[in-house]
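First comes the structure, then the notes that go with it.
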Amino acid sequence: MRLSQYILPTQKEDPSDAQVSSHRLMIRAGLIRKEAAGMYAYLPAGLRALRKISAIVKDEMDKAGAMECLMPELTTADLWKESGRWDSMGPEMFRIRDRNSMEYALGPTHEEAFTALVRSVVSSYKDLPVNVYQINTKFRDEIRPRFGVIRSKEFIMKDAYSFDIDQGGLDESYQKMAAAYRAIFDRCGLETIPVQADSGTMGGSASEEFMVASEVGEETLLLCEKCGYRANQEKAEFKRSSSEFGEKSALTEVNTPAIKTIDDLAEFFSCDGKLFLKTIVFVADGEPVVAVVTGDRDINEAKLKNYLQATDIEQADDETVVAVTKSSVGFAGPVRSEAPRIIFDSAVANIHGAITGANKTDYHFTGVEPGRDFVIEEEADLVEAVEGDLCPDCGEPMITRKGIEVGHIFKLGKKYTESMKVSVLDNNGKAVVPLMGCYGIGVTRTLAAVIEQHHDDSGLTWPASVAPFDVHLVGIGKGDEEKAAIDEVYNSLISEGLDVLYDDRKLSPGVKFADADLLGVPVRITCGKSYFADGELEIKIRKTGEQSAVKPDNLSKKIREILADHN
RNA sequence: CGGGGUGUGGCGCAGUCCGGUAGCGCACCUGGUUUGGGACCAGGGGGUCGAAGGUUCGAAUCCUUUCGCCCCGACCA
């Protein structure tokens, strides 16, 4: 491509509304433009990089035996009603009506659509296993789109769905995808950390997330450097201490006017937050539930939700809190509680002389004793693991990292095949419900993640595998003759089958170099005075800054070597 | 949705408190001189200040309403 005829609107200054580096650089390098919050247009260079990623994804999926399809973006309400998700998906799903008032959703994910497709084409165990996928746009009415293309209302996802006759088959399909994902991210030049994850609203059993370590990651990961345990904070378990703490004493009611938060209470009683019993009211599937944890910990709602096997959980509003605790917000506690159901974190049983709300406005109890002052009927792991907590496998202290989730694989089991009545005949002629797995990669997000991992102060430093071009040819020539000579170099590179971006603009060299650095194509060839004097081209590796002189004869060979090295 | 911030040529910003009819840098156009790390000179085009309403002789500036966008929290690839 000749840059003089290409749309590559580079910007010298950072856009004011972009915070994270990938977003800033994608705008500055002219890869994307923002249309509205969470909606981006891909310009030619950005689309090239995106297509490179899609091609890698497709290649590895195909190699793993998956079959590419293309599903409609518009999905009928009936489809979602079959699985029950028309109601459970909530406002995240974009819903629209046609002129006849028929209801549709813009596909936020395609379990239902693919399940229905497979249902219509398989009838025997001989037809299984199948793994079908697409690379297509997803629509999600995100609560808060942010970080550019990392979290947007519309994004491109590769979603695959496997169907197997039995658990062994599902395990195999799942392992194939796990291996394919490792290969995909590796080829994209991404270092990912696979972690155990909560399976969330997708349902199902095993689940693994592929995270890209990044400061701007929205996920917190707990990692054990000793044994390799890795989990998303939502899922992360940790070795609970069985040692008891605090000192037994008599139950006493203390006036604590308007002192509600753990911090304020710790100051008021001048003691450790750990000695408090934090009591929070939730509403799970419409029913109020009270959770009690020690004051030094945060409740992990995902764990609570899983324990309750609830489909929806949220903190109760003030009215509900008042109704449940018979006091104003901030004075809830397990002692003499009238709450219908109380779940205790497993650390609560070890506490002595705890302090907790008295279910009476402006009063707390001290000297609270589990067993004596309240009964623990339901106990579970309810709290969030934090840095320094002990690894559940080996007991070493764990560390935390921030990560961007680029891929997620699940074993769904029969969740959809059962609700949508898929059945095939097994080798005994008996109808069985196939087991399903689902496997997603955020393609546009992967692009942003690649940039998060590959940039420096001057701009992008693409891995060759996803770079929009192989070579950035900077021409610095004066008269027509020199320009014609540079054109020749350009043509010869193209004839070698290389993707070349040729900067033929009438601009000063500094501008061209700065743009080349910003766009970050792996190899830069400068054709200027040394070429006209000695017939030598300058070749520079963007990532390392390494520079050398080459004769035109060896040029394409040299370029291919560099590209192979910088994947 | 709650909290915080912001909206002025394509981009980045000043002006707003103390109303007087819009400015700077970059980009763009023309001519000329330049050409290996964001050149220089001269000339030039482009905005009614997010939107609506109000106060006033007069509003980017004051008041009211409203919308967009960004950041922090609950959702997710």
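Quick note on labels: first sequence line is chain A, next is B, and so on, each numbered from 1. Note that the structure is predicted; figures quoted are calculated from it, not measured.
- Considering only residues two or more places apart in sequence or on other chains, A:Asp487 meets the salt bridge (charged side-chain N to carboxylate O under 4.0 Å, His left out) condition with A:Arg2.
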Could you list the donor-acceptor pairs under 3.5 angstrom formed by side chains in residues 30-43 of chain A, with sequence neighbours left out?
| from | atom 1 | to | atom 2 | distance (Å) |
| --- | --- | --- | --- | --- |
| A:Lys34 | NZ | A:Asp17 | OD2 | 2.7 |
| A:Tyr40 | OH | A:His23 | NE2 | 3.1 |

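- Take A:Lys153 and apply the salt bridge (charged side-chain N to carboxylate O under 4.0 Å, His left out) test, not counting sequence neighbours, and it matches no residue.
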Listed pairs under 3.5 Å, donor-acceptor, residues 61-75 of chain A side chains, sequence neighbours left out:
| from | atom 1 | to | atom 2 | distance (Å) |
| --- | --- | --- | --- | --- |
| A:Asp62 | OD1 | A:Tyr133 | OH | 2.7 |
| A:Asp62 | OD2 | A:Lys58 | NZ | 2.8 |
| A:Lys63 | NZ | A:Glu60 | OE2 | 3.3 |
| A:Glu68 | OE1 | A:Lys58 | NZ | 3.2 |
| A:Glu73 | OE2 | A:Thr137 | N | 3.4 |
| A:Thr75 | OG1 | A:Trp80 | NE1 | 2.7 |
| A:Thr75 | OG1 | A:Ala105 | O | 2.8 |

Please produce a list of atom pairs where a protein N or O lies less than 3.5 Å from an N or O of nucleotides 49-51 of chain B.
none

Provide a list of protein-nucleic acid N or O atom pairs under 3.5 angstrom, restricted to nucleotides 67-69 of chain B.
| from | atom 1 | to | atom 2 | distance (Å) |
| --- | --- | --- | --- | --- |
| B:C69 | OP1 | A:Ala37 | N | 3.0 |
| B:C69 | O3' | A:Lys34 | NZ | 2.9 |

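- For A:Asp456, the salt bridge (charged side-chain N to carboxylate O under 4.0 Å, His left out) criterion is met by A:Arg542, not counting sequence neighbours.
- Taking side-chain N and O atoms only, A:Arg144 has a distance below 4.0 Å to OP1 or OP2 of B:C72.
- Residues of residues 42-49 of chain A that place a heavy atom closer than 4.0 Å to RNA chain B do not occur.
- For the P atoms, the distance linking B:C40 with B:U35 amounts to 14 Å, nearest Å.
- Taking atom C1' on both nucleotides, B:C41 is separated from B:C63 by 49 Å, rounded to a whole Å.
- For the side chain to side chain contact (heavy atoms under 4.5 Å, CB included) test, residues two or more places apart in sequence or in another chain that qualify with A:Pro509 are A:Ile476, A:Phe513.
- A search for salt bridge (charged side-chain N to carboxylate O under 4.0 Å, His left out) contacts involving A:Glu208 returns A:Arg182, not counting sequence neighbours.
- Within the structure, salt bridge (charged side-chain N to carboxylate O under 4.0 Å, His left out) pairs that include any residue of residues 38-55 of chain A comprise A:Arg48-A:Asp499 (at least two apart or interchain).
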Atom pairs under 3.5 Å, N or O on each side, protein against nucleotides 22-28 of chain B: can you list them with distances?
| from | atom 1 | to | atom 2 | distance (Å) |
| --- | --- | --- | --- | --- |
| B:G25 | N2 | A:Glu13 | OE1 | 3.2 |

